[in-house]
Amino acid sequence: MAGDRIAASLAANPHSDRGDKKRVVTLGNVRLRDQDTNEIILIPTPSSDPNDPLNWPQWYKYYMATVICLAMMICNFLAAGPSIAMVNITMEFFVGAHPGRNPKLFHEAVAKVAYFFTTCALMQGIGNFFWVPVANKWGRRPTYVFSYLIYFASAVWLCFERSYGGFLAGRVIMGFGAGAAETIAPITIADIFFLHERGTVMALYSSFLAVGVAIGLIISGVITIDHHWRVIFQVASALVGLVLLIAFFAFPETAYIRETPSNSDDDSSTGTPNQRSSTEKNPTATISDPESRRVGSSPLPKKASYLSTLKIFHGTITHESFFKLTVRPLGLICLPPVLWAALVEAATIGFLVAMTSNVEIAYEATYRFKSWQVGVCFVSALVGSLAGIPLGGWWGDKVADYFTKRNNGIRDPEMRLPAMIPAMITAPLGLVIFGVGIEKGLHWMVPNLGIALLNFAIVQGTNVALVYVIDAYRPVAGEITLAVMGFKSLFGFLLSFYTNTWVQQAGYMNAYGTMAAISAAVLVCWVPLYFWGKTIRHVTWGWPVIGYIHWSEDREVGE
């Protein structure tokens, strides 16, 4: 869509009374193209304030996206990376446990050491039930800074911890701090990019979510060639510290309170071009005063100084209670589109978590690979992830725009769903190829191909699914992402907890074949959602259980 013309936002009319009308919730159904000129309409409508993130230079927006992706990658670096040294970690914490000399004790010890990784992954999800409300209530910047401070402190601690109980406690705390970037990133992206740009940038987010695991495994494997496995934590501590410094000195607040378009009864359901002539945010309003959104005659504010951007807290974003912000994800998961997106994450990323928790043992037993050799095998994950970026982002945007044009310029979130087809094929195929390759002792390139295909599906498919539900419920993008990622973390925890036992009892081919069947059944559900998703969204929005979690007016962002 690079060559598409962008419709200019019309000047606000300070005397218009449209801002006094209650905005009808459209659940993502908006007019994205002008009915007469076919120009793209900027959604949300940017204000004339130079401090509005939507008005930032494009290069600066992509700088912010790069920092977000870096934070994403590092947040998963230590989540799975050290699992590449599972054998050595087990033998250090449980003296006498050796895969050759005492296999029974070794397998029992491995199950206990697996807690280091499963509990960390679990806390990455559960911790966000605290971090996301903080981000929605007080801003993205304090969330990034304080979560990474906890992440950095725990990483340094684990460089020296020698007891099993202490190390497990450190991993739990690490998970609490590390998971915030994973869930806050989509909110930040939605803060600074327009609707028609969001799919491509979200594809980068999804890719680095998967790449973080692969990079962690590769670097951790290389480190173990000549160094003790604890050096992994030393290297990671330096990387986490670097991101913490960037977050503090070069990552401004992206939350911005803007005047939302108030549509009349006859155009609210489709978001007509009148959105472009809606009232703008009061230039003198601050982030801590949601009531000050009404139009005034004060002069435009000056661009904020660098020193002022270093403030950790910039005020309160919403008047909604912290409790409501915390419990809303529990209600959102009851909505069929959100539940489906969560299941897509679980049936792809969850299965990758299960695979990584077992991969060293699988390759060691089948190919006699050392830790670093197993880590290098995850170069295939990088290849698959990078291949998924254009098909999850650019292709997803193209598909959605194609159906938008056919619908006279009106965008429904479901118009993105046909882009799920590649992931629907590659995720089950990758799981089958991995299981068969290990079980039958085929060339090591066979299971590597399975890893590549699964990572491709993670970037491509989960991005389409997540952008779909964010488009549908944009004002609560943070809670939506939390509902999806929290469910994925719980599923991944349970699955990785039982993966080794499941594989021992059923074999690789049967275990991963079952995972493939589950994955296919979940991913193919995009078809009924494409045809009936709009009806389902509006009907379920009226369910009594959903009534309590409806968002307040001060959460509206013009979509």
Side-chain angles (χ1 to χ4, degrees), residues 1 69 186 196-211 213-214 337 340-352 355 378-404 406 412-437 445-472 484 488 512-513 515-531 533:
M1 289 186 290
C69 289
H196 69 280
E197 302 172 317
R198 210 170 288 158
T200 300
V201 183
M202 282 293 293
L204 295 173
Y205 156 80
S206 298
S207 68
F208 275 82
L209 181 63
V211 163
V213 175
W340 173 73
L343 290 172
V344 169
E345 298 271 345
T348 51
I349 298 177
F351 289 149
L352 177 64
M355 184 184 290
F378 272 80
V379 170
S380 63
L382 290 179
V383 174
S385 298
L386 294 176
I389 294 175
L391 286 177
W394 176 85
W395 169 248
D397 285 340
K398 280 292 184 184
V399 169
D401 197 48
Y402 169 77
F403 287 106
T404 300
R406 291 185 58 183
D412 292 333
E414 287 77 18
M415 292 175 180
R416 190 178 297 274
L417 291 179
M420 287 291 299
I421 293 174
M424 182 180 68
I425 297 171
T426 55
L429 183 61
L431 289 164
V432 168
I433 289 176
F434 181 84
V436 171
M445 284 297 294
V446 174
N448 279 14
L449 176 61
I451 293 173
L453 290 173
L454 181 58
N455 277 269
F456 169 86
I458 287 173
V459 173
Q460 199 274 326
T462 61
N463 182 70
V464 173
L466 186 56
V467 175
Y468 160 57
V469 289
I470 287 178
D471 285 351
V484 171
K488 177 265 297 181
Y512 282 91
M515 294 182 198
I518 295 171
S519 177
V522 169
L523 293 172
V524 78
C525 287
W526 74 264
V527 177
L529 280 173
Y530 175 74
F531 289 104

Exercise. Does a donor on one side chain and an acceptor on the other come within less than 3.5 Å for S380 and N448?
Worked result: no
Exercise. Counting only N and O atoms by type, is there a donor-acceptor contact under 3.5 Å from the side chain of S207 to the main-chain atoms of L204?
Worked result: yes
Problem set entry | Least distance between heavy atoms, L382 atom then A214 atom | CD2-CB, 3.9 Å
For this session: May I ask you to check whether F351 and F434 place their ring centres under 6.0 Å from each other?
Result: no
Exercise. When you measure from the side chain of W526 to the backbone N and O of P418, does any donor-acceptor pair fall under 3.5 Å?
Worked result: no
Problem set entry | Residue that, paired with L417, satisfies side chain to side chain contact (heavy atoms under 4.5 Å, CB included) out of Y468, F531, F403 | Y468
Problem set entry | Gap separating the OG1 atom of T426 from the CG atom of L391, nearest 0.5 angstrom | 9.5 Å
Problem set entry | Heavy-atom side-chain contact between V436 and Y512 under 4.5 Å | no
Exercise. Do any N or O atoms from the side chain of S519 and from the backbone of M515 form a donor-acceptor pair under 3.5 angstrom?
Worked result: no
Exercise. How far does CD1 of I421 sit from CD of Q460, to the nearest 0.5 angstrom?
Worked result: 9.5 Å
Exercise. Between CG of L529 and CE of M420, what distance do you get to the nearest 0.5 Å?
Worked result: 10.0 Å
Exercise. Sub-3.5 Å donor-acceptor pair from the side chain of N463 to the main-chain atoms of S206, do we have one?
Worked result: no
For this session: Would you indicate whether the side-chain heavy atoms of V383 and F456 approach each other to under 4.5 Å?
Result: no
Exercise. Hey, mind stepping through F378 and I451 against side-chain contact (heavy atoms from CB on, under 4.5 Å) and telling me if it holds?
Worked result: CA-CA 8 Å; F378 272 80; I451 293 173; 4.1 Å; yes
Exercise. Is W395 close to P390 at the side-chain level, that is, under 4.5 Å between some pair of heavy atoms?
Worked result: no
Exercise. Can you name the nearest heavy-atom pair linking A465 to A341, along with the distance?
Worked result: O-CB, 4.0 Å
Problem set entry | Contact check, side chains of I433 and P447, non-hydrogen atoms, under 4.5 Å | no
Exercise. Below 4.5 Å, heavy atoms only, C-beta onward: do L431 and M355 meet side chain to side chain?
Worked result: yes
Exercise. Going through the distances and angles, do D401 and M415 end up as a side-chain contact (heavy atoms from CB on, under 4.5 Å)?
Worked result: CA-CA 8 Å; D401 197 48; M415 292 175 180; over 6 Å; no
Problem set entry | Nearest heavy-atom neighbours spanning A472 and P413 | CA-CG, 3.8 Å
Exercise. Are the side chain of E345 and the backbone N or O of V484 linked by a donor-acceptor pair below 3.5 Å?
Worked result: no
Exercise. Are any of the side-chain nitrogens in D397 or R416 under 4.0 Å away from the carboxylate oxygens of its partner?
Worked result: yes
For this session: Search all heavy atoms of V524 against all heavy atoms of P528 and return the closest pair with its distance.
Result: O-CD, 3.8 Å
